[in-house]
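Take a look at the structure below.
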Amino acid sequence: MKPSPTPAQEVKATIMLAGGHQHVLYFSSDAPMLKRLLSVLANRPSESTLLQIPVNEGRGCLCFPSEQLVGLITEPPLYVQSATGNSATHSAPAPTPASPGVIPAKYWQIDNFFSQKELDKLRSHAIQRESEFVPTSTSTGAENYRKSLVLYSFPQFSELMRRRLQAILPEVCAKLEIAPFPVSQIEAQLTAHNDGHFYKLHNDNGSKETATRVLTYVYYFYREPKPFDGGELVIYDSKLQNNRYTKAETYKTVEPRNNSIVFFPSHYMHEVLPIHCPSQKFADSRFTINGWIRQ
């Protein structure tokens, strides 16, 4: 295998789409978007994802579904092996088929959840309040189990989120086949995941203090072009043992798409895969507003 260019080297990339369409763009050889394009070609995700690449110095955006990407010409050459070999790009493991007795996980992800104006204001607000973020912890106090930063008070946007969630909750329940329930509280926190951050396997209502959580939500936002790799949400299928939900070996992987929100039942076991952010700048973090809807 030939070595990849050095991180500072410019790469000319000809993006080849279905129907004979081509677009020529230029990336740094360590750009997350370039790695993502190579990963899509190498691993072919089972579910369609929307690829969004800023063009014309950010004045435009090239958008296309992942299945429309048929090839990529890179100058100088970059090489990547398929998912059956040692991939040169980071990607989440592919899901495995559910086994008998396993309860498949259900989630719903909505794109373009906020308007562009709301998204821009939220992103600026998060970056400007960098000094107010504090390290996260877990209810058990376990060390090296969760690494990220959190802002607990952001009333302007937490209230906006609560209003949106109240309005959409009936549809969420219908999509996830959850019986409607009276809402006692909607929790919200603003988190930032940067280089090396993660959250190991857990659920969100496994303690006395959290038992009334019914739904978990995670809203993703970040700078474009995407300045990090990883950070996927892995939601595990379940098994029912002794009237308790336990983790199965099969799972679903949710891509942290910008300006999208994902909902899933709070009893599901889930984890956040490690983030790789080359710049390590706070402004390049994978940001979320995440929380729980209690009955």
Side-chain angles (χ1 to χ4, degrees), residues 31-33 50 52-54 57-61 63 108-138 146-169 172 183 185-199 204 213 215-233 254-264 272-294:
M33 179 54 71
L50 181 65
Q52 304 180 78
I53 308 174
E57 298 181 347
R59 295 190 298 272
C61 186
C63 303
W108 188 31
Q109 188 170 18
I110 307 170
D111 289 308
N112 303 313
F113 189 68
F114 284 150
S115 70
Q116 188 62 50
K117 184 177 180 180
E118 291 168 334
L119 171 60
D120 291 343
K121 285 185 176 180
L122 172 59
R123 187 166 48 222
S124 296
H125 182 77
I127 293 171
Q128 290 168 3
R129 299 187 65 182
E130 176 181 358
S131 63
E132 300 176 44
F133 281 74
V134 297
T136 52
S137 60
T138 63
R146 179 186 188 188
K147 285 190 177 181
S148 56
L149 299 171
V150 62
L151 179 69
Y152 290 110
S153 178
F154 51 109
Q156 176 184 353
F157 294 99
S158 60
E159 287 305 313
L160 173 63
M161 176 61 76
R162 290 186 179 102
R163 290 196 300 270
R164 295 287 171 85
L165 294 180
Q166 287 278 18
I168 201 174
L169 183 57
V172 175
V183 175
Q185 184 183 5
I186 298 179
E187 301 172 273
Q189 59 185 27
L190 203 162
T191 59
H193 285 76
N194 205 273
D195 194 54
H197 287 176
F198 60 86
Y199 198 166
D204 290 336
R213 291 174 176 172
L215 285 171
T216 296
Y217 69 90
V218 185
Y219 168 75
Y220 300 103
F221 65 102
Y222 45 80
R223 281 179 166 180
E224 293 283 6
K226 185 180 176 184
F228 61 87
D229 286 322
E232 294 90 351
L233 171 66
V254 182
E255 180 188 359
R257 297 197 295 266
N258 198 12
N259 197 20
S260 75
I261 189 169
V262 60
F263 298 90
F264 59 93
V272 176
L273 299 183
I275 283 85
H276 174 57
C277 180
S279 76
Q280 299 186 9
K281 295 178 181 178
F282 178 80
D284 287 341
S285 297
R286 165 195 177 274
F287 292 102
T288 68
I289 296 178
N290 58 282
W292 308 272
I293 304 177
R294 292 180 182 253

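Positions are given from 1 along the sequence.
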Notebook entry, point to check: Hey, do the aromatic rings of F114 and Y219 have their centres closer than 6.0 Å?
Noted result: yes
Taking the side chain as everything from C-beta on, heavy atoms only, tell me whether [X] gets closer than 4.5 Å to [Y].
{"X": "I289", "Y": "F154", "answer": "yes"}
{"X": "I127", "Y": "R223", "answer": "yes"}
{"X": "H197", "Y": "P274", "answer": "no"}
{"X": "Y152", "Y": "E187", "answer": "no"}
{"X": "H193", "Y": "F228", "answer": "no"}
{"X": "F287", "Y": "L122", "answer": "no"}
{"X": "R286", "Y": "V272", "answer": "yes"}
{"X": "N194", "Y": "L149", "answer": "no"}

Rounded distance (nearest 0.5 Å) linking atom [atom1] of [X] with atom [atom2] of [Y]:
{"X": "L190", "Y": "T288", "atom1": "CG", "atom2": "OG1", "result": "6.5 Å"}
{"X": "D229", "Y": "M33", "atom1": "CG", "atom2": "CE", "result": "10.0 Å"}
{"X": "L169", "Y": "R162", "atom1": "CG", "atom2": "CZ", "result": "14.0 Å"}
{"X": "L215", "Y": "I186", "atom1": "CG", "atom2": "CD1", "result": "10.0 Å"}
{"X": "E224", "Y": "R123", "atom1": "CD", "atom2": "CZ", "result": "7.5 Å"}

Item checked: Mutual orientation of the aromatic rings belonging to H125 and F157 [parallel < 30°, tilted 30-60°, perpendicular > 60°] -> tilted
Notebook entry, point to check: Going through the checks in order, is the side-chain contact (heavy atoms from CB on, under 4.5 Å) test met by I110 and Y217?
Noted result: CA-CA 11 Å; I110 307 170; Y217 69 90; over 6 Å; no
Next item on the list: Let me see the working for F113 and R257 under side-chain contact (heavy atoms from CB on, under 4.5 Å), right down to the final yes or no.
Entry: CA-CA 11 Å; F113 189 68; R257 297 197 295 266; over 6 Å; no
Checklist line | Stepwise salt bridge (Lys or Arg N to Asp or Glu O under 4.0 Å) test for E118 and K121 | finding: CA-CA 5 Å; E118 291 168 334; K121 285 185 176 180; over 6 Å; no
Note to self: Under a plain distance cut-off of 3.5 Å, with no hydrogens placed, do Q52 and N258 share a side-chain donor-acceptor pair?
What the structure shows: no
Please name the pair of heavy atoms, one in [X] and one in [Y], separated by the smallest distance, quoted to 0.1 Å.
{"X": "K147", "Y": "T136", "value": "C-OG1, 4.1 Å"}
{"X": "T191", "Y": "F133", "value": "C-CE2, 4.3 Å"}
{"X": "F282", "Y": "A126", "value": "CE2-O, 3.5 Å"}
{"X": "Y222", "Y": "P227", "value": "CD1-CD, 4.3 Å"}
{"X": "P256", "Y": "G230", "value": "CG-O, 4.0 Å"}

Item checked: Pair I168-I261, side-chain contact (heavy atoms from CB on, under 4.5 Å): steps then yes or no -> CA-CA 12 Å; I168 201 174; I261 189 169; over 6 Å; no
Next item on the list: Could you tell me whether the side chain of R146 and the main chain of Y199 form a donor-acceptor pair under 3.5 Å?
Entry: no
Next item on the list: Go through D120 and K117 one step at a time and tell me if the salt bridge (Lys or Arg N to Asp or Glu O under 4.0 Å) criterion holds.
Entry: CA-CA 5 Å; D120 291 343; K117 184 177 180 180; over 6 Å; no
Check: Of all residues at least two apart in sequence or in a different chain, which pass the side-chain contact (heavy atoms from CB on, under 4.5 Å) check with E132?
Finding: R129, L151
Margin query: Test side-chain contact (heavy atoms from CB on, under 4.5 Å) on V150 and V134; report intermediate values, then the result.
Written below: CA-CA 5 Å; V150 62; V134 297; 3.8 Å; yes
